[in-house]
There are 2 protein chains.
Amino acid sequence: MKKEFKPLTKAEEEIMQALWQLDKAFVKDIVDLLPEPKPHYNTVSTIIKILEEKGFAGHESLGKANRYFPLVQKDEYSKKSMNQFVGKYFEGSFANMLSFFAKEKDISVKELEEILQLMKEQKNTK
Amino acid sequence: MKKEFKPLTKAEEEIMQALWQLDKAFVKDIVDLLPEPKPHYNTVSTIIKILEEKGFAGHESLGKANRYFPLVQKDEYSKKSMNQFVGKYFEGSFANMLSFFAKEKDISVKELEEILQLMKEQKNTK
DNA sequence: GTAAACCTACTAAGTTTTTAGTATAAAAGC
DNA sequence: GCTTTTATACTAAAAACTTAGTAGGTTTAC
């Protein structure tokens with residue numbers, strides 16, 4: 001029974017985001033994707049190795065090169081992050097979080113209803 | 001026009017959470033509030049000074065002692081964090097985020113409607 | 001008044017995270 | 001085949017973050 005949630009560090013998260021976007025990628029692809037100032041090739045290489053150690057990514061070897069892919073999916077990670085966040089800032093209540101943001105962001109009632117509709121559809125097609 | 005969002009570090013956030021909870025606090029109060037293993041008094045003192053430098057907290061001097069208080073409110077910080085998060089994980093779309101979580105967390109349609117009701121009330125009383 | 005308790009400033013060491021160099025080996029181009 | 005390009009492993013330095021000691025000043029208790 002583990003409660004541990006080990007968030008990614010800033011640099012790790014950036015690489016992971018790239019990996020989620022590319023799905024399968026050589027280090028070079030990640031460097032190419034990232035905006036200026038691009039990190040050093042070896043920096044990315046190091047970080048992706050750390051991500052492998054942490055179980056966030058894996059790779060398959062194609063000749064000498066490694067093609068990396070995510071082992072933890074973006075959905076899964078965002079869910080955990082969100083739960084963490086709601087825990088700390090909204091007493092663990094999803095509803096609290098929602099009502100706060102409905103107030104904060106100028107979301108109209110019409111929009112809310114559209115969102116609700118979307119949610120209902122999501123539930124039906126689950 | 002600044003876009004910068006400087007998230008708090010882990011230690012900073014912990015102290016800040018304590019400060020939000022206490023609203024006004026001497027360093028001692030914060031140490032007392034935090035669970036075991038309690039940080040060293042000076043550790044808290046250092047971090048709260050950093051929080052002051054960053055503009056997250058302020059203090060008033062009562063005799064020799066400083067009583068600290070939040071300058072950035074919890075709501076404000078959670079809003080920014082959330083926007084950041086939605087930006088990175090839901091293409092900046094609040095609705096996307098909601099529908100994802102409606103699916104992920106077993107929220108019933110009934111609950112959703114209650115939440116919607118809550119949201120409407122929030123908007124009316126704004 | 002003096003000792004004990006308490007508070008902050010300053011500082012430095014420890015730890016974690018980030019960055020990138022060097023070495024080396026495979027692959028590609030000619 | 002030899003040179004150039006492109007990969008990764010290993011390593012270490014730099015930067016950021018965390019922790020806590022020492023010094024020195026106030027306040028409190030006797």
Side-chain angles (χ1 to χ4, degrees), chain A residues 4-19 22 24-72 77 81 84 88, chain B residues 4-19 22 24-72 77 81 84 88:
Chain A
E4 280 309 307
F5 170 70
K6 262 290 199 175
L8 297 170
T9 66
K10 195 155 159 285
E12 286 165 5
E13 190 183 359
E14 211 159 306
I15 304 302
M16 206 60 204
Q17 286 278 2
L19 198 52
L22 296 168
K24 280 178 192 302
F26 295 96
V27 171
K28 191 179 177 308
D29 301 328
I30 295 174
V31 174
D32 286 348
L33 182 68
L34 294 173
E36 297 291 347
K38 291 184 184 304
H40 191 284
Y41 183 102
N42 287 346
T43 299
V44 175
S45 179
T46 300
I47 290 177
I48 212 164
K49 191 139 10 114
I50 294 168
L51 287 169
E52 282 199 285
E53 283 162 16
K54 291 190 173 181
F56 275 83
H59 77 266
E60 53 191 337
S61 299
L62 298 177
K64 176 64 183 298
N66 294 342
R67 185 160 65 175
Y68 298 91
F69 48 83
L71 283 180
V72 171
Y77 185 72
S81 303
Q84 200 73 5
K88 283 188 292 190
Chain B
E4 280 309 305
F5 170 69
K6 264 291 198 176
L8 297 170
T9 65
K10 195 155 159 286
E12 285 164 6
E13 190 182 358
E14 212 160 303
I15 303 303
M16 205 61 205
Q17 286 278 2
L19 198 52
L22 296 168
K24 283 180 190 302
F26 295 95
V27 171
K28 191 177 178 308
D29 301 327
I30 295 175
V31 174
D32 286 349
L33 182 68
L34 295 172
E36 297 291 346
K38 291 184 184 306
H40 191 284
Y41 183 102
N42 286 346
T43 298
V44 175
S45 179
T46 299
I47 289 177
I48 211 162
K49 191 139 11 118
I50 294 168
L51 287 169
E52 284 198 284
E53 282 162 16
K54 291 191 174 181
F56 274 83
H59 77 265
E60 55 191 334
S61 301
L62 296 178
K64 176 64 183 299
N66 294 341
R67 185 160 66 174
Y68 298 91
F69 48 83
L71 282 179
V72 171
Y77 184 72
S81 302
Q84 200 73 5
K88 284 188 293 190

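Each chain gets a letter, A, B and so on, in the order the sequences are listed, and its residues count up from 1.
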### Query
Given atom OH of A/Tyr68 and atom C1' of D/dA9, what is their separation to the nearest angstrom?
10 Å
### Query
Could you state the CD-C1' distance from A/Glu52 to D/dT8, rounded to the nearest angstrom?
11 Å
Polar atom pairs between nucleotides 18-20 of chain C and protein, under 3.5 Å, N or O only, would you list them?
{"residue": "C/dT18", "atom": "OP1", "partner": "A/Thr9", "partner atom": "OG1", "Å": "3.4"}
{"residue": "C/dT18", "atom": "OP1", "partner": "A/Lys10", "partner atom": "N", "Å": "3.3"}
{"residue": "C/dT18", "atom": "OP1", "partner": "A/Ala11", "partner atom": "N", "Å": "3.1"}
{"residue": "C/dT18", "atom": "OP2", "partner": "A/Thr9", "partner atom": "OG1", "Å": "2.4"}
{"residue": "C/dA20", "atom": "N6", "partner": "A/Thr46", "partner atom": "OG1", "Å": "2.7"}

### Message
Enumerate the salt bridge (Lys or Arg N to Asp or Glu O under 4.0 Å) contacts for residues 36-53 of chain A, please, sequence neighbours excluded, ordered by first and then second residue.
### Response
none
### Query
D/dA20 P sits how many Å from B/Ile15 CD1, rounded?
12 Å
#### Entry: Partners passing side-chain hydrogen bond (donor to acceptor under 3.5 Å, both in side chains) against A/Asp32 (at least two apart in sequence or in another chain)
A/Lys28
### Message
If I take atom CZ in residue B/Phe26 and atom C1' in nucleotide C/dT8, what distance separates them, rounded to the nearest angstrom?
### Response
13 Å
### Query
Going by heavy atoms in the side chains, are A/Leu51 and A/Tyr68 under 4.5 Å from each other?
no
#### Entry: Nearest-angstrom distance from the residue atom NZ of B/Lys49 to P of D/dT19
16 Å
### Flag, side chain of B/Tyr77 to backbone of B/Phe56, donor-acceptor distance under 3.5 Å
no
### Message
To the nearest 0.5 Å, what is the distance between CG on A/Asp29 and CZ on A/Arg67?
### Response
9.0 Å
### Query
What residues form a side chain to side chain contact (heavy atoms under 4.5 Å, CB included) with B/Phe69, not counting sequence neighbours?
B/Lys24, B/Glu60, B/Leu71
### Query
Heavy atoms under 4.0 Å, any strand shown: does A/Tyr41 hit a base, just sugar-phosphate, or nothing?
base
Could you run down the sub-3.5 Å N/O contacts of the protein with nucleotides 24-26 of chain C?
none

### Query
Could you give the CD-to-C1' distance, from B/Glu60 to C/dT8, as a whole number of Å?
16 Å
### Query
C/dC7 phosphate, OP1 or OP2: any side-chain N/O from B/Lys28 under 4.0 angstrom?
no
## Note on the structure
Between the CD1 atom in B/Ile50 and the OG1 atom in B/Thr9, the distance rounded to the nearest 0.5 Å is 7.0 Å
#### Entry: Partners passing side-chain hydrogen bond (donor to acceptor under 3.5 Å, both in side chains) against B/Glu13 (at least two apart in sequence or in another chain)
A/Lys88, A/Tyr89
### Message
Distance check needed: C/dC7 C1' versus B/Ile30 CD1, whole Å only.
### Response
14 Å
#### Entry: Closest heavy-atom pair and its distance - B/Met16, B/Val72
CE-O, 3.8 Å
#### Entry: Atom-to-atom span, CD1 of B/Ile48 to C1' of D/dT19 - whole angstrom
16 Å
